[in-house]
Amino acid sequence: MAKRPTKKNLKAMHLNMVRIRRFEETAGRMAENGKIPGALHLYVGEEAIAAGVMQHLSDEDQITSTHRGHGHLVAKGGEFKPMFAELFGRSTGYCGGKGGSMHVSNMKVGMLGANGIVGGGPPIAVGAAFSNKYRKTKNVAVAFFGDGASNEGSFHEAANMAALYKLPCLFVCENNGYGEYTPQANHQAVVDVADRASGYGMPGVIVDGMDVMAVYEAAGEAIDRARNGEGPTLLECKTYRFYDHVGVRGMGLTYRTDEELALWQARDPVSAFEKNLIDLKVMTQDEIDSVYAEVNAALDEAVDFAEQSPYPDPSVLLDDVYWVGGD
Amino acid sequence: MAKRPTKKNLKAMHLNMVRIRRFEETAGRMAENGKIPGALHLYVGEEAIAAGVMQHLSDEDQITSTHRGHGHLVAKGGEFKPMFAELFGRSTGYCGGKGGSMHVSNMKVGMLGANGIVGGGPPIAVGAAFSNKYRKTKNVAVAFFGDGASNEGSFHEAANMAALYKLPCLFVCENNGYGEYTPQANHQAVVDVADRASGYGMPGVIVDGMDVMAVYEAAGEAIDRARNGEGPTLLECKTYRFYDHVGVRGMGLTYRTDEELALWQARDPVSAFEKNLIDLKVMTQDEIDSVYAEVNAALDEAVDFAEQSPYPDPSVLLDDVYWVGGD
Amino acid sequence: MSEARESEPRSLSYLAAISEGVREVLLEQDNAFLAGEDVGQAGSVFGIYAGLFDEFGADRVIDTPISEKGIIGLGVGASATGCRPIVDIMFMDFMGECMDEITNQMAKMRFMFGGSVALPVTVTTMSGGGRNLAAQHSQSLEAWLAHLPGIKVVMPTNAYDVKGLIIAASRDNNPVFVVMNKMIVAMQAEVPEGAYEVEIGKASVVRQGTDFTIVTLGRMVYEALDAADQFKEQGLDIEVIDARSIQPFDTETVINSIKKTHRAMVVHEAVQFGGFGGEIVAQIQDLAFDYLDAPVARIGAPFSPVPFSPSLEDAYIPNAARIVEKVKEMLA
Amino acid sequence: MSEARESEPRSLSYLAAISEGVREVLLEQDNAFLAGEDVGQAGSVFGIYAGLFDEFGADRVIDTPISEKGIIGLGVGASATGCRPIVDIMFMDFMGECMDEITNQMAKMRFMFGGSVALPVTVTTMSGGGRNLAAQHSQSLEAWLAHLPGIKVVMPTNAYDVKGLIIAASRDNNPVFVVMNKMIVAMQAEVPEGAYEVEIGKASVVRQGTDFTIVTLGRMVYEALDAADQFKEQGLDIEVIDARSIQPFDTETVINSIKKTHRAMVVHEAVQFGGFGGEIVAQIQDLAFDYLDAPVARIGAPFSPVPFSPSLEDAYIPNAARIVEKVKEMLA
Ligand SMILES: Cc1ncc(C[n+]2csc(CCOP(=O)(O)OP(=O)(O)O)c2C)c(N)n1
Ligand SMILES: Cc1ncc(C[n+]2csc(CCOP(=O)(O)OP(=O)(O)O)c2C)c(N)n1
Ligand SMILES: [Mg+2]
Ligand SMILES: [Mg+2]
């Protein structure tokens with residue numbers, strides 16, 4: 001009983017996809033220019049997943065994310081300015097510069113953090129889902145994680161607990177075929193991570209992660225089930241990252257062939273969706289162009305904001321280690 | 001293509017089952033008499049599993065065990081004297097009194113230790129299986145673990161690696177329906193742990209763990225596959241422990257009904273097998289009786305041996321922390 | 001303490017005080033729950049949570065799968081989103097299964113998020129040897145925790161403290177580890193009814209003395225008291241401090257004592273090498289250097305895993321006799 | 001060192017020395033293999049294992065799933081059964097995922113089995129901050145390991161040592177952790193060709209001095225050397241010791257130095273509170289009490305997770321300036 005997206009949904013998802021795409025392209029450029037310290041894992045190519053899933057969530061629903069987390073935060077309602085400021089390590093960032101790309105978070109929109117630990121998210125999402133149920137809300141918690149992360153024990157324990165307690169939870173595996181430089185076939189003997197679902201007693205669903213409509217529908221069903229107390233789902237989205245594991249060009253390793261990359265790029269989720277939107281007469285090319293113009297302008301502003309923001313003063317270092325009253 | 005047990009196999013398995021049963025009953029009595037320090041987890045009721053699996057293994061094949069490990073060691077060729085001495089904490093024990101019930105081991109027969117950590121065994125068995133393959137032997141490694149242990153992340157990581165590398169490995173889940181005092185339905189949403197196998201890309205097989213013939217055949221097939229380089233199997237044996245989680249009567253909790261216990265006791269693997277052996281004319285009642293007599297005599301001797309053995313001298317405390325040359 | 005209901009003096013076991021402490025929390029805070037392996041109907045090891053399941057039901061006293069990573073994750077995620085969980089890791093030895101969730105998530109989340117989240121989660125666990133449970137069920141690993149900014153760590157040693165510290169921990173908006181000891185579950189102490197707090201971060205001078213200071217962690221406080229009594233007749237008046245909390249650590253109480261006594265020893269059950277005793281000694285020699293008449297001694301377990309056999313475990317765990325011997329050595 | 005092939009002096013980076021060390025092991029021992037996340041074709045982070053996959057193939061240089069428990073289990077099980085594995089935990093921060101396998105299996109198995117098994121396994125890992133990798137990719141957690149009887153732990157700080165210690169570790173019949181540092185991968189040193197050992201458990205006096213002793217762990221040796229140079233003109237002659245191994249710890253070298261200099265400081269990158277520095281200070285004040293003119297100082301990271309922003313990380317990680325300041329304070 002798939003929920004069909006309304007026009008409003010479609011436009012919102014498109015906006016989010018463009019916001020993610022352009023955010024990441026900009027971040028990539030900034031990293032190459034040496035403006036972003038540390039490691040940067042970009043989401044380009046995988047936008048349909050974040051946009052499709054998040055379309056069903058409110059600020060009160062929670063997500064946990066990964067090292068590749070900007071796209072999740074953008075789609076969850078993260079704003080460019082504090083995001084860029086965080087990536088730049090500035091005091092105006094979401095985490096006051098203490099977290100950076102791998103820990104960027106915004107509790108106000110239910111984004112429980114990018115996570116530098118592969119497999120770090122699922123147990124936390126299960127805790128949030130437990131809390132949602134315990135507090136008798138109708139909220140759900142979504143854990144995003146990669147194909148590589150599906151081999152961590154933490155995923156296993158979290159999935160089992162979520163199914164056992166029938167928690168309002170969704171496990172979204174972003175299967176981009178690689179964990180760092182290791183192809184999936186070299187890290188697990190299965191082709192579909194969704195095959196693991198039945199072992200926990202939850203449905204496993206496979207969806208084309210390059211197709212935002214497909215993601216939207218599959219996620220919608222799973223989230224409805226979760227909200228209705230019918231328990232978690234493992235939703236596997238087949239996708240691909242267009243950039244390297246770290247940064248844009250990464251270490252220049254040749255673990256992926258040009259042909260493979262080209263094949264997936266031909267299925268670019270953003271342009272495919274845009275073609276679709278035009279075909280369906282939901283948006284015109286002009287409208288699409290103005291989305292880009294708007295997003296680009298906002299990004300320029302955000303980068304400026306970040307660049308002009310001060311670095312945190314060393315005196316704040318020990319703040320935030322402990323809660324000391326007040327908030 | 002199940003391998004049928006020879007008469008010799010049948011007798012050997014019977015002997016092992018009786019050895020385990022009587023060992024455990026004796027150990028239980030000793031614990032109740034205060035002669036065994038620490039915690040004792042008894043295997044009574046589950047004998048068919050250890051006996052059936054171990055019938056296919058040589059001293060060069062390895063097993064990892066659990067906190068409920070005496071049965072595994074007995075069936076793998078452990079001798080009563082050093083076993084009892086170990087349980088009694090004496091210097092003549094397999095571990096010189098340093099390990100006790102939860103760590104009793106004998107590398108000479110490929111028994112890589114009982115393990116006090118639930119889920120501790122599978123990653124080690126995978127390491128041994130890897131080593132078997134690496135060293136180009138034909139040996140297999142078998143990990144025994146419980147239904148409760150199947151929820152530990154360690155099981156997940158081990159199973160995935162074993163399937164990925166097609167290791168000569170067997171995962172034997174002794175599903176006795178409880179993890180300590182928690183029924184399976186309260187610790188996982190699935191009924192069959194074997195359902196987890198397909199998520200790793202290995203076969204999952206369910207067998208009646210009260211029927212040693214069934215275990216023998218299923219284990220034989222899986223071990224053959226493993227030896228032939230076809231990879232691991234998850235073999236789930238449905239079973240029941242006749243005693244409490246710890247010791248004989250445990251904490252006196254009422255988490256299991258008398259009816260349930262009676263139902264399973266009616267399927268006692270030892271007496272069922274003995275009936276079978278007589279029906280099949282493999283053994284007579286007299287022969288069976290003399291097995292018991294022999295085993296009982298050996299146990300008496302072993303208990304005497306243990307009781308008369310000295311406690312380790314405190315001066316040996318720091319020995320064995322590190323290898324310092326020699327062995 | 002002011003909140004404690006006025007009532008007759010009442011003696012309670014450490015064990016009963018644990019469950020009473022959790023009970024007060026569950027009564028006081030709707031969003032508090034207890035979750036862990038066999039904490040429900042079975043009441044966990046030694047029955048430390050006995051009665052809670054019957055009183056509060058399966059929704060608030062929750063049996064979990066054997067999944068320590070999942071259990072800590074539950075505590076992190078639920079505390080970040082409006083609950084005040086108490087999660088139980090049965091034996092401290094099992095922390096190895098979830099050190100990532102403790103170290104990289106629970107302890108750091110608030111900091112990494114720039115202070116935009118609080119994690120009011122309590123972790124309860126049992127430590128220590130003495131029951132012949134061998135190498136994997138007898139450890140004292142508090143040194144791992146003390147080294148982790150973002151969590152607090154207390155080690156209550158009597159019924160009064162354990163109840164009050166559980167309540168204080170669960171009212172605290174930070175992750176707090178309550179490390180209990182499995183050898184003293186039957187020990188009795190006077191425990192008020194109702195809710196009261198023992199302040200996290202305050203040591204307790206359990207025996208006043210003028211000649212020598214022994215700083216202890218956990219159950220070792222009783223061995224130190226025993227040793228101190230043995231010196232009474234010889235006229236050596238030993239002060240015994242139960243550190244009670246290792247993060248925050250009550251440096252002031254310790255230093256004040258040493259300024260008075262000029263001699264000190266640190267005793268813990270954990271392996272001496274690399275144990276928390278090193279931190280204490282380093283602080284003492286730094287802050288009271290000119291007051292010290294002798295080096296600060298340390299007593300901890302020898303450098304081996306905890307052995308199973310009674311003859312070895314007895315020799316392994318620090319005790320009054322070893323303390324007495326060491327004090328004599330220092331005075332010689 | 002005698003085994004090292006006679007050849008021209010040759011400068012090698014820390015990075016290249018790591019891979020050369022592993023290469024010697026793989027050449028020497030048929031039953032040795034290297035396994036870990038992306039150690040194969042990718043050569044792991046910074047390319048520390050570059051070239052090994054091409055030379056030795058997928059059977060001996062093995063990419064694993066992202067499964068740290070599995071990786072350590074592989075090391076335990078394979079080393080107990082005839083192999084001599086080198087297993088890699090990419091960043092030390094990820095040890096939390098496998099502390100059970102390290103603590104309760106790897107470190108204890110020989111002891112629990114009464115000495116009937118040996119585990120010749122080497123664990124390699126990268127530690128430390130300085131690359132703006134934030135709280136979960138920058139830690140120095142050696143204190144956890146030092147406290148675990150049954151394993152050895154070394155922290156090589158230059159190309160010569162890292163190669164020699166990897167070889168020594170893999171020839172050792174015990175589990176040995178080789179904790180490397182991610183900031184010094186490009187640093188060059190003279191490194192002989194062929195196999196040679198650096199003795200595990202021996203500190204290295206990297207700068208002779210008569211007036212002051214600085215004991216360092218890991219990369220901090222360079223900050224200490226820098227600080228020492230700054231005092232040269234003022235006529236303060238500082239001895240700098242690179243501990244190199246923390247288990248076993250070379251107490252003798254440290255104490256001998258202090259008997260000469262009478263003043264000491266311990267510097268490590270790990271969080272100061274509860275860090276291994278406490279152990280070192282406790283030993284020094286115990287064994288050289290009468291030689292000390294002042295308390296032994298400690299410098300470590302402040303009590304917070306490692307921050308991301310360069311402005312904060314720079315303030316966080318101990319450096320020469322902090323050492324200089326502290327030395328001045330002590331002399332004032
Ligand atoms: C516990 C842990 N182990 C290893 C790493 C190093 N690491 C960072 S990302 C990554 C690959 C993750 O692969 P996947 O889950 O498929 O996510 P993807 O990068 O493909 O989005 C690895 C191994 C880590 N950060 N945490
Ligand atoms: C890591 C860890 N967590 C918890 C425990 C405590 N514990 C010991 S046995 C046990 C139950 C194990 O259940 P199962 O795996 O089904 O084995 P069974 O006892 O039923 O044979 C538990 C929770 C432990 N020893 N190790
Ligand atoms: Mg991936
Ligand atoms: Mg069970």
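On a predicted model such as this, the values are computed, not experimentally measured, just so you know. In what follows, every chain begins at residue 1, and chains take the letters A, B, ... in the order their sequences are listed. In what follows, every heavy atom counts, from backbone to side chain, and hydrogens, waters and symmetry copies are set aside.
Closest approach of D:Ile66 and A:Ala149 over heavy atoms only: CD1-N, 4.4 Å. Minimum heavy-atom separation, A:Tyr311 to D:Pro310: CE2-CD, 4.2 Å. Nearest heavy-atom pair, D:Ser311 versus A:Pro314, reported as atom, atom and distance to 0.1 Å: O-CG, 4.1 Å. D:Ala42 approaches A:Tyr181 most closely through the heavy-atom pair CB-CD1, 3.6 Å. Closest non-hydrogen pair, D:Leu133 versus A:Met102, comes out as O-CE, 3.6 Å.
Residues A:Glu180 and D:Met90 are in side-chain contact: their nearest non-hydrogen atoms beyond the backbone lie under 4.5 Å apart. A:His103 has its side chain within reach of D:Gln136: a pair of non-hydrogen atoms, C-beta onward, lies under 4.5 Å apart. Counting heavy atoms from C-beta outward, A:Glu152 and D:Lys69 have side chains that stay 4.5 Å or more apart.
When heavy atoms are compared at a cutoff of 4.5 Å, A:Asp313 approaches chain D solely by way of its backbone atoms N, CA, C and O. The contact between D:Glu97 and chain A is made entirely by side chain atoms (from C-beta outward), counting heavy-atom distances below 4.5 Å. Using a 4.5 Å cut-off between heavy atoms, A:Ile117 touches chain D through backbone and side chain atoms alike. Heavy-atom distances place no part of A:Leu40 under 4.5 Å from chain D, backbone and side chain included. For D:Phe303, the parts lying near chain A are the backbone and the side chain together; criterion is any non-hydrogen pair under 4.5 Å. Only the backbone of D:Ser44 comes within contact range of chain A, with heavy atoms under 4.5 Å apart. For A:Gln188, no part lies under 4.5 angstrom from a heavy atom of chain D.
A donor-acceptor pair under 3.5 Å links the side-chain atoms of D:Ser67 to the main chain of A:Asn151, judged by distance alone. Remark: side-chain polar atoms of D:Ser309 are not paired, donor with acceptor, to backbone N or O of A:Arg90 under 3.5 angstrom.
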- Does the side-chain contact (heavy atoms from CB on, under 4.5 Å) test come out yes or no for D:Leu312 and A:Lys98, once each step is laid out? CA-CA 8 Å; D:Leu312 297 176; A:Lys98 286 177 177 163; 3.7 Å; yes
- Message: Determine whether D:Asp38 and A:Thr182 satisfy the following criterion, side-chain hydrogen bond (donor to acceptor under 3.5 Å, both in side chains), listing intermediate values before the conclusion.
- Response: CA-CA 6 Å; D:Asp38 275 310; A:Thr182 300; 2.7 Å; yes
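Per-residue heavy-atom pair counts under 4.5 Å with chain D were compared for A:Gly99, A:Gly153, A:Gly179, and the maximum is reached by A:Gly99. Ranked by heavy-atom pairs under 4.5 Å with chain A, the first of D:Glu68, D:Glu313, D:Gln41, D:Glu37 is D:Glu68.
Taking CZ from D:Phe308 and OG from A:Ser101, the interatomic distance works out to 7.0 Å, rounded to the nearest 0.5 Å.
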